[in-house]
Protein chains: 2
Amino acid sequence: MDARAKDLRIEQLRHLCRQHGLVLTPQRRAILQAVLEADDHPTAERVQAALARRRLRVSRATVFRTLESFARLGVITKACHPGSSVRYDRRTDRHHHLVCLRCERVIDIQDARLDALPVPDTRRLGFVVSDFKVQLRGICRECREQEDKT
Amino acid sequence: MDARAKDLRIEQLRHLCRQHGLVLTPQRRAILQAVLEADDHPTAERVQAALARRRLRVSRATVFRTLESFARLGVITKACHPGSSVRYDRRTDRHHHLVCLRCERVIDIQDARLDALPVPDTRRLGFVVSDFKVQLRGICRECREQEDKT
DNA sequence: TTAAGTGCAAAAGCTTTGCGGGTAG
DNA sequence: CTACCCGCAAAGCTTTTGCACTTAA
């Protein structure tokens with residue numbers, strides 16, 4: 001993600017914080033930056049590790065609390081995945097995911113034809129759809145190469 | 001799920017076990033039955049609770065191990081979801097999900113037009129797609145009603 | 001019979017919570 | 001000033017592991 005886009009997102013965060021009576025602390029800013037720099041749908045733990053690499057110590061509790069509140073604010077989203085720890089996605093725009101069933105990696109893809117899919121009517125279920133996402137499930141390159149060796 | 005369909009799935013499990021040198025133990029059979037009877041993409045813990053309701057005591061470790069190996073065998077699948085514990089799906093056929101962003105509930109839907117989606121070419125990424133699934137994200141009826149109260 | 005599976009208990013990993021002290025606005 | 005936020009540490013979940021005992025085929 002380029003610097004310009006990152007600045008915009010920080011600006012957006014500043015706005016949302018003001019709007020919701022939250023303080024834009026250095027920790028919050030750093031956590032958002034770390035997520036924006038990750039393209040691998042990181043867990044809280046990986047976000048903390050990325051901060052540590054930059055010599056920023058932020059407590060584990062703060063990382064968890066902050067990511068959760070960012071997701072509530074809509075600055076970032078939660079990625080759906082088959083594993084067992086929450087993963088966050090820096091993207092809030094429409095895109096789709098390749099999900100590796102072996103290593104549980106999640107890879108972003110863009111595809112105009114998928115964006116145009118016909119959203120079914122879910123009103124009779126009382127479910128209000130705000131967005132959609134296509135998951136293409138399969139095996140990633142790395143996992144296939146690993147397999148070939150055995 | 002009707003009795004006939006359940007029997008077929010147990011038969012399928014027997015086959016797969018034989019094929020992979022696994023023993024079809026009473027625990028494994030009971031765990032599969034419990035998953036087949038659940039329509040809510042249960043966690044390991046909920047599967048164990050369902051067994052307990054039927055007065056079947058199966059250790060936690062066995063439930064975890066077994067669900068994991070069922071998913072590897074392809075008797076059941078793992079559901080992708082935004083939360084923090086693994087959830088299993090009794091369905092192995094193509095279908096789609098409504099995901100509630102508030103309570104993280106996952107609801108199955110069937111839709112022929114979604115089934116007919118144009119799958120993009122991911123070969124240049126080295127990713128081999130075996131299946132796909134559409135996630136419609138939004139807020140479920142229960143969560144909206146809850147919200148209206150406040 | 002005997003390889004494979006299970007239960008148990010402990011360890012390991014993930015997430016939340018309560019609280020006292022610190023800080024932005 | 002004052003509400004909000006952070007770090008810490010402990011508690012609460014979820015999942016895995018090692019090992020001795022049991023059992024299905």
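Note that the structure is a prediction, hence the values are computed from the model and not measured. In what follows, chains carry the letters A, B, and so on, assigned in the order in which the sequence lines appear, proteins first and then strands, with residues in each chain numbered from 1.
The nearest whole Å value for the distance from the CZ atom in B/Arg29 to the C1' atom in C/dG5 is 16 Å. B/Leu24 places its CG atom 6 Å from the P atom of D/dA25, with the value rounded to the nearest Å. If you measure from atom CG of A/Leu67 to atom P of C/dC14, you get 14 Å, rounded to the nearest angstrom.
Note on A/Arg28: only backbone sugar-phosphate atoms sit closer than 4.0 angstrom, heavy atoms only; bases stay farther off. Note on A/Arg65: a base of the nucleic acid sits closer than 4.0 angstrom, heavy atoms only. When heavy atoms are screened at a 4.0 angstrom cut-off, B/Arg57 is found touching the sugar-phosphate backbone but no base atom.
Within the structure, every side-chain polar atom (N or O) of B/Ser59 is placed at least 4.0 Å from both OP1 and OP2 of C/dT6. Between C/dC14 and A/Ser84, no contact under 4.0 Å exists linking OP1 or OP2 to a side-chain N or O. Applying the 4.0 Å criterion to OP1 and OP2 of D/dT14, one finds that A/Ser85 has every side-chain N and O outside that range.
The side chain of B/Phe64 lies closest to D/dT15, out of D/dA9, C/dG5, D/dT15. The side chain of B/Thr66 approaches C/dT6 more closely than any other nucleotide in the set D/dT15, C/dT6, D/dA24. Here the nucleotide nearest the side chain of B/Thr62, chosen from D/dC6, C/dT6, D/dT15, is C/dT6.
In the interface, the side chain of A/Arg18 is not paired with the base of C/dG25 through any donor and acceptor atom under 3.5 Å apart.
The pair B/Glu37-B/Arg90 fails the salt-bridge criterion, with no side-chain N (NZ, NE, NH1 or NH2) lying under 4.0 Å from an Asp/Glu carboxylate O. By the 4.0 Å N-to-carboxylate-O rule, B/Arg65 lies too far from B/Glu68 to be salt-bridged with it.
Counting all heavy atoms, side chain and backbone alike, B/Gln135 lies closest to A/Gln135 at NE2-NE2, 2.8 Å.
The backbone N or O of A/Ile31 sits nowhere less than 3.5 Å from a side-chain atom of A/Gln48 that would complete a donor-acceptor pair.
For the pair A/Gln27 and B/Ala61, both in contact range of DNA chain D, the more 5′-proximal nearest nucleotide belongs to A/Gln27.
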